[in-house]
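Counting begins at 1 with the first residue of the sequence. Because only heavy atoms are used, hydrogens play no part in the values below, and waters and symmetry mates are left out as well, while side chains stay in.
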Amino acid sequence: MPLTLDTYRLLGRSGLRVSPLALGTATFGTEWGWGAEQDDARKLFDAYVERGGNFIDTANTYTNGSSERMLGEFVRDQRESLVLATKYTTLRRPGDPNSGGAHRKSLFASVEASLRRLNTDHIDLLFLHVWDFTTPVEEILRGMDDLVRQGKILYVAMSNAPAWEISRMQAIADLRGWTPLIALQIEYSLINRAGERDLIPMARAMGLGVTPYSPLGGGVLSGKYSRADLTATSADSAQGNRKSFNAGLGLVTERTLAVADVVREVAAELERTPAQVALAWTLRNPGVTAPVIGARTPEQLVGNLGALEVHFTADQLSRLDQVSAIDLGYPHDLLAGDHIRTVVSGDLKIETRP
């Protein structure tokens, strides 16, 4: 049966129910040179919620705070029905070293500011946005736990951090009785499957639901780029156009365009859009709970929601997997070899967990 936005899933090792696609709101506001004005952002929000969606993703510095401010108004009459996720660690005031980072001062100040902008007394899910490589993990975990005990946040999560640090944090939280992590947000798509090396397996083992961002690879998988974009440079991003910005970041390469070609082929066979195919592929990963989708128009959003109804043939999945495959690297490639399995297990047939 096809999924729907109200086919709710449990988020990680928790009882929190969330939609299988989260609404990303980095496009709420035009301060970054693209995105939706308030009236258009409201239409996006309404289109998602009216279809049963309940999982809203933002961050303290998305569109310089406009994203949270808009959501504070949009959620006013239905706050308890929604799962609001926001993030901290990105610099809030240039020149102030303590207005960013993962440390306790940044955490508490950022949460208070987010609560005011979101016009709420609690945040359902708080992500550490970007790992800073300086703050002790005990400081982060204890700070998050204190805010949970105060009722200002309900659940805590990680984003853009090394797998070994996250697994260490989860072990410490369990041992000390602090609030455990329940989610992990990473970049993951057909053009960036690096999370399959360690992050996604770690999340499954540690009880974290994965909420991938950029599941369309910066728009590459939606079919908006061509070989002509291969000549774009980072200087082109000065135009204030997101397409030129992403091209300038190096998201458009021969490899990524080759992946997009196969996505288009499969989409034509299924009579679906390339974006729906790319999103549906991400949803098939058993470690993924809810990809985060963004849009600039309600039509674009509703089109992307069609990914919930996509069903692949075995051949189509094989083609998508083959064109996007990555080397897992050491030690994964070594341990997957027949020789190593023979050395460890001999001729025994041992069933492994998926």
Side-chain angles (χ1 to χ4, degrees), residues 24 26 34 130 159-163 184-203 210-237 239 241-270 272-288 291-294 300 303-304 307 310 312-337:
W34 57 79
V130 183
S159 178
N160 299 310
L184 170 67
Q185 191 165 117
I186 60 171
E187 182 177 352
Y188 182 60
S189 71
L190 274 162
I191 67 169
N192 184 356
R193 295 174 60 180
E196 294 177 7
R197 292 189 174 101
D198 291 297
L199 284 161
I200 294 177
M202 176 277 302
V210 178
T211 64
Y213 68 86
S214 198
L216 299 182
V220 174
L221 297 172
S222 68
K224 68 172 64 173
Y225 295 87
S226 68
R227 262 66 185 179
D229 294 301
L230 289 170
T231 58
T233 66
S234 57
D236 295 327
S237 65
Q239 300 173 17
N241 179 287
R242 191 171 189 183
K243 181 177 178 182
S244 60
F245 179 79
N246 286 333
L249 286 177
L251 292 175
V252 184
T253 66
E254 285 289 356
R255 176 189 174 274
T256 61
L257 290 175
V259 175
D261 287 343
V262 177
V263 170
R264 278 196 297 270
E265 292 170 6
V266 172
E269 294 167 9
L270 293 171
R272 294 286 182 174
T273 67
Q276 290 171 344
V277 167
L279 284 168
W281 177 90
T282 305
L283 272 165
R284 284 186 53 84
N285 189 309
V288 168
V292 179
I293 59 172
Q300 189 180 60
N304 287 347
V310 172
F312 297 108
T313 66
D315 174 70
Q316 289 164 344
L317 281 174
S318 176
R319 285 150 54 197
L320 290 169
D321 287 340
Q322 287 179 16
V323 73
S324 63
I326 61 169
D327 291 331
L328 293 181
Y330 177 85
H332 308 290
D333 289 338
L334 170 69
L335 299 177

Gap separating the CD1 atom of Ile200 from the CG atom of Asn285, nearest 0.5 angstrom: 5.0 Å
Distance in Å, Asn160 CG paired with Ile186 CD1, rounded so as to fall on 0.5 Å steps: 9.0 Å
Spatial distance of atom CG (Leu328) from atom CG (Leu334) [nearest 0.5 Å]: 12.0 Å
Side chain Gln276, main chain Gly303, donor-acceptor under 3.5 Å: yes
Which atom of Arg193 lies closest to which atom of Ile326, heavy atoms considered: O-CD1, 3.1 Å
Closest non-hydrogen atom pair, Tyr213 against Glu187: CE2-N, 3.3 Å
Value rounded to 0.5 Å, distance of CG in Asp315 from CD in Glu269: 7.0 Å
Distance, nearest 0.5 Å, that separates CZ of Arg319 from OG1 of Thr313: 7.0 Å
Taking every non-hydrogen atom, the tightest pair across Ala307 and Ala280: O-CB, 3.6 Å
4.5 Å side-chain heavy-atom contact, Trp281 and Val310: no
Contact list for residues 325-337, test salt bridge (charged side-chain N to carboxylate O under 4.0 Å, His left out), sequence neighbours left out: none
Shortest non-hydrogen contact between Ala278 and Leu190, atoms and distance: CA-CD1, 4.3 Å
Side-chain heavy-atom pair Val277, Gln316 within 4.5 angstrom cut-off: no
CG on Leu221 to CZ on Arg264, rounded to 0.5 Å: 9.5 Å
Short side-chain to backbone donor-acceptor contact, Arg197 and His332, under 3.5 Å: no
Heavy-atom closest pair, residues Leu184 and Ala203: CD2-CB, 4.1 Å
Contact summary for Ala275 and Asn304, nearest pair of heavy atoms: CB-OD1, 3.4 Å
From Thr282, Thr211, Val210, residue fulfilling side-chain contact (heavy atoms from CB on, under 4.5 Å) relative to Tyr188: Thr282
Counterpart residues, side-chain hydrogen bond (donor to acceptor under 3.5 Å, both in side chains), relative to Arg255 (two or more places apart): none
Thr256 side-chain N/O to Leu251 backbone N/O, donor-acceptor pair under 3.5 Å: yes
